[in-house]
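Note sheet for the following structure.
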Amino acid sequence: MDRETAQKRAEELRALLNRHSYNYYVLDRPEITDAAYDRLYHELKAIEEIYPDLISPDSPTRRVGASPLADFAPHMHRQTMLSLSNAFGPDDLRAFDKRAKRVLGLDAEASIEYLCELKIDGLAVSLTYTDGMLAVGATRGNGIAGEDVTPNLKTIRSIPLRLFGKQAGMPSFVEIRGEVFMLRSEFERVNQEQEEAGQPPFANPRNAAAGSIRQKNSAVTASRKLDFFAYAVGEAAGVSFADQASLLEMLAARGFRTNTHRNLCRGIEEAVLYCEEWRSRKDDLPYDTDGMVVKVNAVDLQRDLGATSREPRWAIAYKYPALRANTVIRDIAVQVGRTGSLTPVAIMDPVEVAGATVSRATLHNEDEIRRKDIRIGDTVIIQRAGEVIPEVVEVVSGARTGEERPFIMPEACPVCGSRVERPEGEVVARCVGLSCPAQVKERILHFASRNAMDIEGLGPAQVDQLTTKSLVRDPADLYYLTLEEMLTLDRMAEKSAGNLLRSIEKSKQVTPERLLFALGIRHVGEHVARIVTRHFGSLERVMAATEEELSRVPEIGPSIARSIATFFSDQENRQVIDKLNGAGLVMQGVREAVKESPGFAGKTFVFTGTFETMTREEAEAAARSLGAHASGSVSKKTDCVVAGPGAGSKLEKARSLGVAVLTETQYRAMIEEANQGDGEAGKEVQLALDME
DNA sequence: TAGCCTCGAGTTCA
DNA sequence: CTCGAGGCTA
């Protein structure tokens, strides 16, 4: 074949192959068989081998990158790739609509046209086409700069290497934005492949797509079936459109795959309906989605709304938070708590669960890890217990590669190197070093915490610095800090130092029960601190009490008695108390008036969920002041459960035990009634502590 | 001594 | 919120 015929044939083949690949990958309507495609493909490849100079950048043979990339060059986005603010329910969407109307100066009755598009759970990329040819493809990165992964993006069949349309009408420059993603079926295949190769699995299709796009060797990327949906245009020369809907049509006409599950909605209520419709429908799709993007359709309105530095004001992501998610445990770290307890914590690939990005979860202790057979490298299912705390539900045993490492509790404290002990029959391993920096830090944080001494402005950052600089070794040292010393801390100038000094000063006025709790004696929480100080009347008398005297107090048994007595017999601990007294702590007893109201006296209340008109603690205090007992757990002995929205297992337990359940409103009414009828019905009991 | 009932302690993210 | 463990009671 002479060069001229070869060139002609090569062009023909390229056009043919690109068209068929478009039919196959973008339209999902192949016109020829795979075998026929392969024949054409190999014919082109053969020609290009003979005449390498005929290879053009849009040749389908270029989709499989030959030379491995050394490293990814950074790619500065010409226009920042913004993120989107989130909406988690219809009301968030309505608020978004309201704000848009306000900014645009429209009245509340007007309705804005919105285009709703599925939000694909993949990774955002930017594709730059110059004179219609794909020149650069980059990841989003931080929005300002991403990584140039052009060869890898070229392996994706639904990304046209050359824009469709006549050369005459071709924009000289255009940046297309969209989402690279992986089908769930492909994700499973890839993970199986990873397993066979002894490689760690991907946690989910999104991570698999991201991992594939960042491959050094684009042949690997090519072996993974990635896909692409286009949805936006960044900077562009000679391209304009009136609205988002026609932009998507334009993208489709230029050869891109666009997601067909979209809907033009008149007014926000239509958008709400469409978003809600997809909440369950999305599960039937072969790929992962994490919501719907609602965009103001008209481009001129978009322009008027503009953007903040982080997000456009004309678009919002309506999220369907997954309650559970898969991720991979990369490591298991060990934390040291206030009592020296060593707690293993799973460090995981960040993943979205119930509206928050989770990357750590406590594993509680060694036994728990063994019970669930959790190993480093495992793919696990996590959920947020009680909507908040992430928890590992179970290991996806099918994803095991054999490379996972079991967790071993260290024999020396990871912070201070002291010996680690795990007493017979106990579950928690503990660092025995009393001066372990981690323990010291946690003890001081506990001392300053809200229910203890309530020192505002003394958080982890401050305590960390104070202890590492050895300005504070025990809680009493806090009361001897000078302004000069405080100013040596980072992020601490006159203003905050003054505030901190003031709140330390304020904390000197304290009840003995709070102080006893603040000391952080083992087994002494708020409840025990309260009953013990009330029984003995003052902290001094608690300190003077023998183990035997202590154990005679109701609810105090041998363990707690020993713990308290041992604490106060320790020389160093006594010194700390002396130092506190020397600093001028003023212990004041509480005069708590308790009205013995009929509905409350002697009853046990449990509060759960979040209340709207008061905090849970206020609710508990109210019950106590009327003669009731506020407990933390539901049992047969519970008389009444007061449940706010978001109540979980406690409410269920109450129902199953047949315990009365009140709403916040009903509870309020009960309190009011009790307070009104106090004169005759309730007999007043004064509880007072005499203090020295 | 077993089996409840509570309390204590530790925990995550925005 | 959950789990472990101390205290009380049958």
Side-chain angles (χ1 to χ4, degrees), chain A residues 85-86 88 321 325 327 333-348 350-369 371-372 382-393 422-430 438-439 441-443 445-446 449 451-452 460 516-532 550-564 604-610 616 620 629-639 643-644 646-653 657 659:
Chain A
S85 54
N86 294 326
F88 291 104
T327 186
V334 174
Q335 280 182 358
V336 184
R338 161 165 75 88
T339 60
S341 57
L342 299 192
T343 312
V345 177
I347 312 293
M348 306 169 297
V351 68
E352 240 184 65
V353 196
T357 311
V358 168
S359 61
R360 319 162 52 91
T362 176
L363 299 175
H364 299 111
N365 54 60
E366 247 181 316
D367 288 11
E368 173 86 359
I369 294 177
R371 198 173 322 129
K372 290 184 176 165
I382 59 172
Q383 69 179 11
R384 297 220 286 155
E387 318 252 291
V388 193
I389 315 278
E391 115 188 287
V392 174
V393 183
R422 184 176 162 187
E424 185 83 14
E426 283 194 17
V427 177
V428 200
R430 289 199 151 82
Q439 287 188 52
K441 195 184 141 190
E442 295 300 322
R443 272 204 294 272
L445 274 171
H446 169 76
S449 67
N451 292 331
L516 183 60
F517 169 62
L519 292 173
I521 304 167
R522 271 245 266 161
H523 306 306
V524 181
E526 282 175 278
H527 180 77
V528 171
R530 181 184 293 126
I531 59 172
V532 170
L550 283 161
S551 59
R552 276 204 290 271
V553 180
E555 292 181 72
I556 305 299
S559 300
I560 300 181
R562 186 169 352 109
S563 176
I564 298 176
T604 300
F605 280 69
V606 173
F607 299 88
T608 180
T610 328
R616 186 147 51 195
E620 286 174 6
H629 179 71
S631 167
S633 52
V634 182
S635 70
K636 278 190 289 189
K637 290 192 175 174
T638 309
D639 294 291
S649 62
K650 285 184 204 169
L651 181 58
E652 256 171 60
K653 191 159 181 199
L657 289 171
V659 173

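Below, chain A is the first sequence line, B the second, and so on; all start at residue 1.
- A:Ile389 has its CD1 atom 13 Å from the C1' atom of B:dA14, to the nearest Å.
- Taking atom CD on A:Glu442 and atom C1' on B:dG8, their separation rounds to 15 Å, with Å as the unit.
- Looking at A:Val351 and A:Thr357, their side chains never come closer than 4.5 Å, going by heavy atoms from C-beta outward.
- The side chain of A:Arg338 places an N or O atom within less than 4.0 Å of a non-bridging phosphate oxygen (OP1 or OP2) of B:dA9.
- The side chain of A:Arg360 has B:dC13 as its nearest neighbour among B:dC13, B:dG10, B:dT6.
- Applying the side chain to side chain contact (heavy atoms under 4.5 Å, CB included) test between A:Glu391 and each of A:Gln383, A:Arg384, A:His364 identifies A:Gln383 as the sole match.
- Note that CD1 of A:Ile531 is 13.0 Å distant from CD of A:Glu526, once rounded to the nearest 0.5 Å.
- Between A:Phe607 atom CZ and B:dT6 atom P there is a gap of 14 Å when expressed in whole angstrom units.
- Side-chain proximity of A:Thr357 to the nucleotides B:dC7, B:dA14, B:dA9 is greatest for B:dA14.
- Residue A:His446 is out of contact with every strand shown, counting any heavy-atom pair closer than 4.0 Å.
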Run A:Val528 and A:Ile556 through side chain to side chain contact (heavy atoms under 4.5 Å, CB included) and show every step you take. CA-CA 8 Å; A:Val528 171; A:Ile556 305 299; 3.8 Å; yes
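- Among the nucleotides B:dT12, B:dG10, B:dT6, the one closest to any side-chain atom of A:Ser631 is B:dT6.
- Of all the heavy atoms in A:Val358 and A:Met348, the pair that sits closest is CG1-CE, 3.9 Å.
- One can place CD of A:Glu620 at 10 Å from P of B:dC7, the figure rounded to the nearest angstrom.
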Pull out every protein N or O sitting under 3.5 Å from an N or O of nucleotides 4-10 of chain C, one pair per line with the distance.
{"unit_1": "C:dA5", "atom_1": "OP1", "unit_2": "A:Val427", "atom_2": "N", "d": "3.0"}
{"unit_1": "C:dG7", "atom_1": "OP1", "unit_2": "A:Gly557", "atom_2": "N", "d": "2.6"}
{"unit_1": "C:dG7", "atom_1": "OP1", "unit_2": "A:Gly557", "atom_2": "O", "d": "2.9"}
{"unit_1": "C:dG7", "atom_1": "OP1", "unit_2": "A:Ile560", "atom_2": "N", "d": "3.1"}
{"unit_1": "C:dG7", "atom_1": "OP2", "unit_2": "A:Pro558", "atom_2": "N", "d": "3.4"}
{"unit_1": "C:dG7", "atom_1": "OP2", "unit_2": "A:Ser559", "atom_2": "N", "d": "3.2"}
{"unit_1": "C:dG7", "atom_1": "OP2", "unit_2": "A:Ser559", "atom_2": "OG", "d": "3.4"}
{"unit_1": "C:dC8", "atom_1": "OP1", "unit_2": "A:Glu555", "atom_2": "N", "d": "2.6"}

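- The pair A:Arg422-A:Asp367 counts as a salt bridge, with a side-chain nitrogen and a carboxylate oxygen less than 4.0 angstrom apart.
- Taking side-chain N and O atoms only, A:Thr339 has a distance below 4.0 Å to OP1 or OP2 of B:dG10.
- Screening A:Val659, A:Thr604, A:Val606 for a side chain to side chain contact (heavy atoms under 4.5 Å, CB included) involving A:Asp639 leaves a single residue, A:Thr604.
- Contact annotation: A:His629 reaches the phosphate of B:dC7 (side-chain N/O to OP1 or OP2, under 4.0 Å).
- Counting only heavy atoms from C-beta on, A:Lys636 has its side chain closest to B:dC5 among B:dC5, B:dG10, B:dG8.
- A:Asp639 places its CG atom 10 Å from the P atom of B:dT6, with the value rounded to the nearest Å.
- For A:Val528, whose side chain is taken as the heavy atoms from C-beta onward, the closest listed nucleotide among B:dA9, B:dT12, B:dC7 is B:dC7.
- A:Leu519 has its CG atom 14 Å from the P atom of B:dG8, to the nearest Å.
- Phosphate contact (OP1/OP2 of B:dT6, side-chain N/O of A:Ser635, threshold under 4.0 Å): present.
- In terms of phosphate contacts, A:His364 brings no side-chain nitrogen or oxygen within less than 4.0 Å of OP1 or OP2 of C:dC3.
- In the set B:dT12, B:dG10, B:dC7, the nucleotide with an atom closest to the side chain of A:Thr343 is B:dG10.
- When each of A:Gly340 and A:Val358 is assigned the nucleotide of DNA chain B bearing its nearest heavy atom, the one mapping closer to the 5' terminus is A:Gly340.
- Proximity of A:Asn365 to A:Thr343: side-chain heavy atoms (C-beta onward) are nowhere separated by under 4.5 Å.
- Summarising the geometry, the separation between CZ on A:Phe605 and P on B:dT6 is reported as 14 Å, rounded to the nearest angstrom.
- The nearest whole Å value for the distance from the CD atom in A:Gln335 to the C1' atom in B:dG10 is 9 Å.
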